[in-house]
Amino acid sequence: MLTLWGWASPLTHAEISVDLSLEPEKIRPGDLTTLTAVMYSDQYARFELKLPMRERLRLIALEAGALQLHDGSYRQEHRWILQAVSSGQVEWKELHTEIHFRDHQKNVELGSLTLDIQPYAETDHSMDPERMNEGHVGIQKIIVLFLTIIIPLGFTLIKLMFKRRKA
């Protein structure tokens, strides 16, 4: 996790830091990444991160965590689950957060963050069929065995049962 911003409020003397992380930082189109922002404060404060959306990404979910108090320190976490739509680099420049105190609020610049969306490798355009996965061959053998042995055996047993009933 990277602490992009730490600040002491002159009005409340609160020690505040906001950590941002992007996991994973390199993805391919269709993959998901999670951007997590966590605020730590020694005094009561809430935060909102303004995350501008980019055309290469789709927002799948936004999980806004509740403000928690652990061992005298406040903690709040927000998570954005994003899906890549196309390859390229996504840069969030001038990310900022709004810190809400009991009696005032403050907008603070956090810096920038970059996501690398890598293209898929070139594919072979050959007309040769793809090789079948070995796991499917076992299923095919079971089906062939069922059709050639078990079904005729079942019909033979049923036929014998009817002959015995007639006799």
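Here the structure is a predicted model, which is why all the values come from computation and not from measurement. Counting from 1, the numbers follow the sequence of the chain as shown.
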Grouping I, L, V, M, F, W and Y whenever their side-chain heavy atoms are under 4.5 Å apart, do [X] and [Y] come out in a common cluster?
{"X": "W92", "Y": "L32", "value": "no"}
{"X": "L35", "Y": "L59", "value": "yes"}
{"X": "M161", "Y": "F155", "value": "no"}
{"X": "I81", "Y": "L22", "value": "no"}
{"X": "F101", "Y": "L69", "value": "yes"}

Is the side chain of [X] donor-acceptor paired with the backbone N or O of [Y] at a distance under 3.5 Å, no angle test?
{"X": "E91", "Y": "S112", "result": "no"}
{"X": "T36", "Y": "S21", "result": "no"}
{"X": "Y120", "Y": "P29", "result": "yes"}
{"X": "R28", "Y": "P119", "result": "yes"}
{"X": "R56", "Y": "S87", "result": "yes"}
{"X": "Q68", "Y": "R75", "result": "no"}

State, to 0.1 Å, how close [X] and [Y] come at their nearest heavy-atom pair, and which atoms those are.
{"X": "R58", "Y": "M53", "result": "C-CE, 4.2 Å"}
{"X": "E98", "Y": "Q105", "result": "OE1-NE2, 4.2 Å"}
{"X": "A45", "Y": "I99", "result": "CB-CG2, 4.0 Å"}
{"X": "A84", "Y": "L57", "result": "CA-CD2, 3.9 Å"}
{"X": "L95", "Y": "P52", "result": "CD2-CD, 4.0 Å"}

Stepwise side-chain contact (heavy atoms from CB on, under 4.5 Å) check, M39 with D19
CA-CA 6 Å; M39 181 206 63; D19 296 341; over 6 Å; no
Just do the side-chain contact (heavy atoms from CB on, under 4.5 Å) check on L115 and I27 with the steps written out, would you?
CA-CA 8 Å; L115 173 66; I27 59 175; 4.1 Å; yes
Geometric class of the W80/H78 ring pair [parallel <30°, tilted 30-60°, perpendicular >60°]:
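Ring orientation, 0 to 90° scale: tilted.
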K26 and side-chain contact (heavy atoms from CB on, under 4.5 Å): which partner among D116, I117, T33?
D116
Separation between [atom1] of [X] and [atom2] of [Y], rounded to the nearest 0.5 Å:
{"X": "L82", "Y": "L62", "atom1": "CG", "atom2": "CG", "result": "9.5 Å"}
{"X": "I158", "Y": "K163", "atom1": "CD1", "atom2": "NZ", "result": "14.0 Å"}
{"X": "T97", "Y": "N107", "atom1": "OG1", "atom2": "CG", "result": "8.0 Å"}
{"X": "K93", "Y": "L113", "atom1": "NZ", "atom2": "CG", "result": "13.0 Å"}
{"X": "I16", "Y": "D42", "atom1": "CD1", "atom2": "CG", "result": "7.5 Å"}
{"X": "Q89", "Y": "R54", "atom1": "CD", "atom2": "CZ", "result": "12.0 Å"}

Would you say the ring centroid of Y74 lies under 6.0 angstrom from that of Y44?
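Yes, ring centres under 6.0 Å apart.
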Just so I know, are the side chains of V18 and L110 near enough to count as touching, which here means a heavy-atom distance under 4.5 Å?
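Sidechains of L110 and V18: in contact.
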Taking atom types as modelled and ignoring hydrogens, do the side chains of E109 and H96 form a donor-acceptor contact shorter than 3.5 angstrom?
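Per modelled atom types, E109 and H96 side chains form no pair under 3.5 Å.
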Begin from the C-alpha positions of T114 and V90 and carry the test side-chain contact (heavy atoms from CB on, under 4.5 Å) through to its verdict.
CA-CA 6 Å; T114 302; V90 176; over 6 Å; no
With side-chain contact (heavy atoms from CB on, under 4.5 Å) as the criterion, how do F47 and H100 come out once you've worked through the C-alpha distance, each side chain's angles and the decisive distance to 0.1 Å?
CA-CA 6 Å; F47 85 109; H100 300 271; 5.9 Å; no
